[in-house]
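Lettering of chains follows the sequences in order, A, B, ..., and the numbering in each one begins at 1.
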Amino acid sequence: MTPPSTPGDLPGTPPPDHLAATVPVPAGAVLEAHGVQHAYRRTVALRGVDLRVDAGEVVAVTGPSGCGKSTLLHAAAGLLVPQAGTVTLLGRDLARLTEDERALLRRREVGIVLQFGQLVPELTAVDNVALPLLLDGHPADGARRLALDWLERCGAEDVAATMPSDMSGGEAQRVAVARALVTGPSVVFADEPTGSLDTLAGRQVLGLLVAAVRERGASLVIVTHDNTVAARSDREVRLVDGTVASEAVLR
Amino acid sequence: MTRGAAARARSAAAVVARSVGGDPAERRRRRLLGAALTCCAAFLLAAVAVATFGLAGPECLRTPGGSTVCVDSGGGYTVTSPPGVSEPIDDFSFGGRLVPDTSGLAPYVGESGLRPGVVVAALLLVVPFAVFALQVVRLGSAARERRLAALRLQGATSADLRRIAAAEVRGTGLVAGVAGLPAYLGLWLLLGVLPPSGWRLLPTPAAALVVGWPVVAVLVVVAAVLAARRAADVGTVDALGLSRRRARPLSRSSATTTAVILGVLVLGLVLLFLAPNGAAAGVVVLVLPLVFVAAAVAAGPWIVVAVGRRHVRRGNPVAVLAGRRLIADPRTPGRVAGVLLAVGLAVGFAVSDVIGIFLSGRTDPYDLAFFGGGILTALAAIGLAAVVAALSLVVGASEQVLDARRPTAALVALGAEPATVVRVVRTQLRSVSVLPAVGGAVVGATLLGGWFAVAEGGGRAWVVPAALGAVVVAVLVAGGAAALGAAGAQRLLRRPLAEAMSVESLRTA
Ligand SMILES: Nc1ncnc2c1ncn2[C@@H]1O[C@H](COP(=O)(O)OP(=O)(O)OP(=O)(O)O)[C@@H](O)[C@H]1O
Ligand SMILES: [Mg+2]
């Protein structure tokens, strides 16, 4: 068997189109949210938010703690269905999809990176990264090879056989980035991916994430408190108290 | 160990206790632990009551013909017959033919030759409750671990933590040990008073209980404290205040223990097969179930690891996840698997026995009542053990689900369908229930079938097909019951699992 020429090629099977080396990113908007409202029992988290993310764009969502950033991200990724408004992700109205269809969409087209604690604690790094591929029915060998490849790209090849409990925070986040990117998503959502890391490690992980996303021509929506993170994005959307307070185009 | 350290741990434990008093999870944990330990104490007392029955004076039993046979503790007997009745002694000595005396005890308890079997059964019934208690002691709910971590931050050593853990269960253990007697009395009402004469399993409480009670209470406290100290020992708490769970592979010493117990078991079996009717066989038959259950409970974690490895090799993500989870903490599910292995074995025995009796052509109604009653009682005990084991499974699995809330939610965020996550849990539950139960049933039915074959000299045509039939029936019964138990456990887990998968869980620590 020949080694895969690009990480997108799985030996033995013709590469499914969502794993092709360059994603055929849909032209125009990847994400369109209109009038999104959401409340938890008594707290109103989002009061009518509009957000548009174009193909290949890196958008930073900033704002004070509790302003609704995570809620917006969850709604955009189809993890929760907002009480009002529409979210169209990659041309699909999320409210019209079933839970399983949304899961499938996330699995194939979306990558998610959280602040911490997202790796399956019982799996090694490489198994964690291979997991989305296995869930999608890819043969184990190919999935593993691709996972190793992505770990290497993310500078986490040293911990490939390590359990999450034995990794440093920075290592775990590198693995999480590899896991988010391994399926070749068109859009990546990241909720304070560097929030639990020190400045240096945080900057490295961030650089990695942004570079990988840009290289693929994918889009990135990144929630952050960190101004240097926002500075690396194309556009900054600032939320205050559940509404978009300001938008700044940075590039 | 200095007095200072002990005092410090005590006061720390008091602080912890005060801060936890209001924690509903902790209260639930205590209640579960107390209930399990109370049941342990009650069954230990039952063993004491049965074992000491009749030690004081001669026991008298009435024969079908109306004679009274009194057997003294030395084994001699005197027969008093009404005028005009004469019966051959051999017919009603210890051939299972004695009609119980006015005490109304079932022959298994009434006859001194059969009584040890009942004592062993009572002791065996302690095991599932002990496993349940162990499971509860080891519950390391996130809140509890954070508390321990906070203590550690304040300078508590791991020895301090062990002492605190011990202090936490000491009170519960003592209450349970004391409550054992009332619980036993309840059991006695249920099994020693309510059943019709001739079916009663527990004798009228006697002085031995008064002596046994404090002994049992102390035993329960000591066992609980030892278990708690070991549970605190796992060192899941690091000084950062954030507890990290580490995989805890099975130790070499646990392998040695398991091997020794298995060796004893094999030795016993060999002895039994070499001399099935020898003098030692009676003792071996009695001790063997205890050894077997000990072996099953000791080997359970290893079985779980083996099953987990096989799942991992299967390669599909559900199997891999389930397998990895089993391997990551094989101990607690392993003990349950051990109990269910024993349950399966007992089912295998019972089924073989029923088929054997059925085919041996016994027609004597007293015989049938004797064996039928014994098997019904055994099945009830097996059922109880299985239910308790299933509950331990629920407790352990819900703990794991709760513990893995955040990664579970992340898994769903990653694009795993909720049904996939549910299947992972189902695979885990089935692996530690159906598999061992079926395995036990096969071994049990084969062993007893084989034993019959040897004892009967293979001379009867029905022995081999009957043994095979027994295996099939036993597998169906044990496997079906275990599958039912796993399904019930899964149902009870539905809510915590749904909560773990919800996006809210991404916000938990
Ligand atoms: N499950 C919940 N129940 C009740 N209120 C909630 C829940 N989840 C979030 N909230 C509230 O909704 C609001 C928005 O929360 P969200 O997590 O989206 O904010 P955030 O901008 O991500 O904050 P942070 O920067 O601290 O992460 C907050 O006021 C929060 O308290
Ligand atoms: Mg947030």
For chain A, which candidate among B:Ala416, B:Ala419, B:Ala409 shows the most heavy-atom pairs at distances under 4.5 Å? B:Ala416

Using 0.5 Å steps for rounding, measure from the CG atom of A:Asp191 to the CG atom of B:Leu506. 8.5 Å

Using 0.5 Å steps for rounding, measure from the CG atom of B:Leu414 to the CD1 atom of A:Ile112. 7.5 Å

Could you tell me whether B:Arg310 atom CZ has more than 12 heavy atoms of other residues or ligands within 6.0 Å of it? no

Non-hydrogen side-chain atoms of A:Arg106 and B:Val412 separated by less than 4.5 Å: yes

Mind checking whether B:Leu321 and A:Leu131 have side chains closer than 4.5 Å, heavy atoms only? yes

Of the backbone (N, CA, C, O) and the side chain (C-beta and beyond), which part of A:Thr124 lies under 4.5 Å from a heavy atom of chain B, both, or neither? neither

Identify which part of A:Leu119 has an atom lying under 4.5 Å from any heavy atom of chain B, answering side chain, backbone, both or neither. backbone

At a heavy-atom separation under 4.5 Å, does A:Asn128 approach chain B through its side chain, its backbone, both, or neither? neither

Pairwise distance CG(A:Leu80) to CD(B:Glu504) - rounded to 0.5 angstrom: 8.0 Å

For B:Ala328 against A:Glu122, the heavy-atom pair lying closest together: CB-CG, 3.4 Å

Contact winner vs chain A - B:Pro317, B:Gly323, B:Ala404, B:Ala410, heavy-atom pairs under 4.5 Å: B:Pro317

Residue A:Tyr40 versus chain B: region with a heavy atom under 4.5 Å: side chain

Please report the interatomic distance CZ(A:Arg102) to CD(B:Glu417), rounded to the nearest 0.5 Å. 12.0 Å

Proximal component of A:Glu99, with respect to chain B [non-hydrogen, under 4.5 Å]: side chain

Quick one, A:Val120 and B:Arg324 - any side-chain contact, counting heavy atoms below 4.5 Å? no

So which of B:Gly315, B:Pro407, B:Ala413 has the largest heavy-atom pair count under 4.5 angstrom toward chain A? B:Ala413

